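Sending over a structure as structure tokens; questions will come in a sec.
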Amino acid sequence: MLLWLDDEGICASTGSACTSGSLEPSHVLLATGLPVEVSHGSLRLTLGDANTDKDVDFVLEVLPKVVSRLRDMSPLYQNSKKNGGCNV
């Protein structure tokens with residue numbers, strides 16, 4: 001996901017800032033009740049003063065397409081759909 005977003009000029013990272021450089025999932029995401037597997041799949045996007053509404057609209061246009069491509073490629077996701085759906 002990060003590579004495809006980067007190809008589109010979107011800067012993103014995985015995990016939280018407080019766990020950067022660590023393979024551990026965010027304690028904040030875990031505290032919300034998310035399973036470890038889902039927490040490991042987090043995506044972090046940061047907005048700053050220089051970002052515009054156009055920037056946000058661009059991310060909202062590109063991100064669903066990237067997620068869809070990855071889901072289409074994922075045998076785990078396809079299998080979960082066959083077995084009653086996926087909650088993520």
Side-chain angles (χ1 to χ4, degrees):
M1 181 179 295
L2 292 179
L3 293 174
W4 282 343
L5 291 174
D6 185 57
D7 283 346
E8 295 288 341
I10 298 170
C11 298
S13 59
T14 59
S16 65
C18 58
T19 59
S20 64
S22 169
L23 295 178
E24 295 300 315
S26 164
H27 67 278
V28 174
L29 293 176
L30 294 175
T32 66
L34 288 175
V36 172
E37 298 81 14
V38 174
S39 298
H40 273 296
S42 65
L43 177 71
R44 180 168 40 113
L45 301 167
T46 303
L47 296 173
D49 292 342
N51 292 109
T52 64
D53 289 346
K54 186 177 176 181
D55 295 330
V56 174
D57 290 341
F58 181 67
V59 171
L60 292 175
E61 176 187 329
V62 171
L63 185 58
K65 294 175 188 175
V66 170
V67 170
S68 181
R69 285 174 65 187
L70 289 167
R71 285 180 172 171
D72 288 344
M73 294 171 46
S74 169
L76 292 174
Y77 182 78
Q78 297 305 320
N79 190 39
S80 73
K81 282 179 27 179
K82 290 177 190 173
N83 293 327
C86 182
N87 294 326
V88 291

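These figures come from a predicted structure and were not determined experimentally.
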Do you know the tightest heavy-atom contact between His40 and Glu24?
CE1-C, 4.3 Å

Nearest 0.5 Å please: distance from the CG atom of Leu60 over to the NZ atom of Lys65.
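Atom-to-atom, Leu60:CG and Lys65:NZ are 11.5 Å apart.
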
Distance check, rounded to the nearest 0.5 Å: Ser39 atom OG versus Leu30 atom CG?
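So the OG of Ser39 and the CG of Leu30 are separated by 4.0 Å.
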
Min side-chain heavy-atom separation Asp72-Tyr77 under 4.5 Å:
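SC-SC contact between Asp72 and Tyr77 ruled out.
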
Test side chain to side chain contact (heavy atoms under 4.5 Å, CB included) applied to Val67 - qualifying residues, sequence neighbours left out:
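Testing Val67 for side chain to side chain contact (heavy atoms under 4.5 Å, CB included), a comparison that skips the adjacent residues, returns Met1, Leu63, Arg71.
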
Roughly how far apart are Thr32 OG1 and His27 NE2, rounded to 0.5 Å?
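The distance works out to 11.0 Å.
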
Would you please test Ile10 and Trp4 for side chain to side chain contact (heavy atoms under 4.5 Å, CB included) and show each step?
CA-CA 9 Å; Ile10 298 170; Trp4 282 343; over 6 Å; no

Listed by chain and number, what are the side chain to side chain contact (heavy atoms under 4.5 Å, CB included) partners of Leu47, not counting sequence neighbours?
Asn51, Val56

Can you tell me how far CZ of Arg44 sits from CG of Leu2, rounded to the nearest 0.5 angstrom?
10.0 Å

Output the distance between atom CG (Leu45) and atom OG (Ser13), rounded to the nearest 0.5 Å.
8.0 Å

Looking at residues at least two apart in the chain, or sitting in another chain, which of them share a side chain to side chain donor-acceptor pair (under 3.5 Å) with Thr52?
Asp55

Cluster check Leu3, Leu70: I/L/V/M/F/W/Y, side chain < 4.5 angstrom
no

Do Leu43 and Leu5 come close enough that some side-chain heavy atom pair is under 4.5 Å?
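The answer is yes, as the side chains (C-beta and beyond) meet within the 4.5 Å cut-off.
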
